[in-house]
Engineer: 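Handing you a structure now.
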Amino acid sequence: MSDDDYTPPPIAPKPKSKISASRRLSLKILLLTRATEHLEAEKAAREEQKVRYLGEKLPPLQFIGLNMDELQVLCKQIHEKIDKVDEDRYDCEAKVIKNYKDITELNRKVQDLGGKFKKPALRKVRVSADEMLKALFGSKVKGSMDLRANLKSVKKEDTKQEKELTNEVGDWRKNVEAMSDMKGRKKMFDA
């Protein structure tokens, strides 16, 4: 038997589903209703747990029958609890920020090891000369930068003198007409 005689085995056709389309649709609907029921049950359990936790941590306050000194003591206790919770919140935020920085640093190290660098997308920004100076030097720049102030000024008298010089030399066409005796050459210049 040679390599040319090899034929792959025939591929068996996929068996048709034994479940009808309507039955499959009804099963999907049942699964979705069960899933929504589970989600609602989880949501209710979370709310119940939240209420129970708050009931443990924050007992109801009794103001009735307290004199002024007892109310002041109660306020001081509440302020102490608020300060403690605020410190805990600050600590948690600091941990989250530190973990986020660690994650970004580790991601950068992984990219360095992989040899692939992500280039950030750059935006075109139009910046005037004054804004650029403010960005570079801060508020040390006193005046605005006028680019036109350093340009060379041109006096009108100079332009009049230049025109007179060009008029003295004259128009080259007049010179050509005066020097050409043959009318054919003149026509060649005109064309």
Engineer: Between the side chains of Arg89 and Glu93, is the shortest nitrogen-to-carboxylate-oxygen separation below 4.0 Å, so that they form an ion pair?
Structural biologist: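 The answer is yes: the pair qualifies as a salt bridge.
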Engineer: Hey, what do you get for CD1 (Ile97) to SG (Cys92), rounding to the nearest 0.5 Å?
Structural biologist: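 One gets 11.5 Å once the value is rounded to the nearest 0.5 Å.
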Engineer: Would you say Arg23 has more than 12 foreign heavy atoms packed within less than 6.0 Å of its CZ?
Structural biologist: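 For Arg23, atom CZ is not crowded (no more than 12 foreign heavy atoms under 6.0 Å).
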Engineer: Kindly compute the distance separating OG1 (Thr33) from NE2 (His38), expressed to the nearest 0.5 Å.
Structural biologist: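 Spacing of OG1 (Thr33) from NE2 (His38) equals 9.5 Å.
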Engineer: Looking at CD of Gln77 and CD of Glu80, how far apart are the two atoms once the value is rounded to the nearest 0.5 Å?
Structural biologist: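 Nearest 0.5 Å value for the CD-CD distance: 7.0 Å.
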Engineer: Quick check on the hydrophobic clustering: are Leu61 and Leu71 connected, directly or via other members, by side-chain heavy-atom contacts under 4.5 Å?
Structural biologist: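 Yes, it is one cluster - the side chains of Leu61 and Leu71 are joined through contacts under 4.5 Å.
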Engineer: Could you tell me the separation between the CG atom of Leu25 and the CD1 atom of Ile19, rounded to the nearest 0.5 Å?
Structural biologist: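 Leu25 atom CG to Ile19 atom CD1 measures 12.0 Å (nearest 0.5 Å).
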Engineer: From Leu74 CG over to His79 NE2, what is the distance, rounded to the nearest 0.5 angstrom?
Structural biologist: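 Interatomic distance, Leu74 CG to His79 NE2, rounded to 0.5 Å: 10.0 Å.
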Engineer: Less than 4.5 Å apart, any side-chain heavy atom of Gln49 and any of Tyr53?
Structural biologist: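 Heavy-atom side-chain distance check fails, nothing below 4.5 Å.
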Engineer: Rounded to the nearest 0.5 Å, what's the gap from CG on Asp83 to CD1 on Ile78? Could you check?
Structural biologist: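 CD1 of Ile78 is found 12.0 Å from CG of Asp83.
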Engineer: Counting heavy atoms not belonging to Gln62, are there more than 12 under 6.0 Å from its CD?
Structural biologist: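 It does not: Gln62 CD has 12 such atoms or fewer within range.
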Engineer: Look at Arg46 together with Glu42 and state whether they make a salt bridge at an N to O cut-off of under 4.0 Å.
Structural biologist: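 Judged by the 4.0 Å cut-off on N to carboxylate O distance, Arg46 and Glu42 do form a salt bridge.
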Engineer: Closer than 4.0 angstrom, basic N to acidic O: yes or no for Asp112 and Arg108?
Structural biologist: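 Here Asp112 does not pair with Arg108 in a salt bridge, since their nearest N and O are not under 4.0 Å apart.
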Engineer: Checking salt bridge (Lys or Arg N to Asp or Glu O under 4.0 Å) for the pair Glu105/Lys109: CA distance, chi angles, key distance, verdict?
Structural biologist: CA-CA 6 Å; Glu105 185 178 332; Lys109 285 181 181 179; 3.7 Å; yes
Engineer: Begin from the C-alpha positions of Lys95 and Asp91 and carry the test salt bridge (Lys or Arg N to Asp or Glu O under 4.0 Å) through to its verdict.
Structural biologist: CA-CA 6 Å; Lys95 285 179 185 177; Asp91 291 342; over 6 Å; no
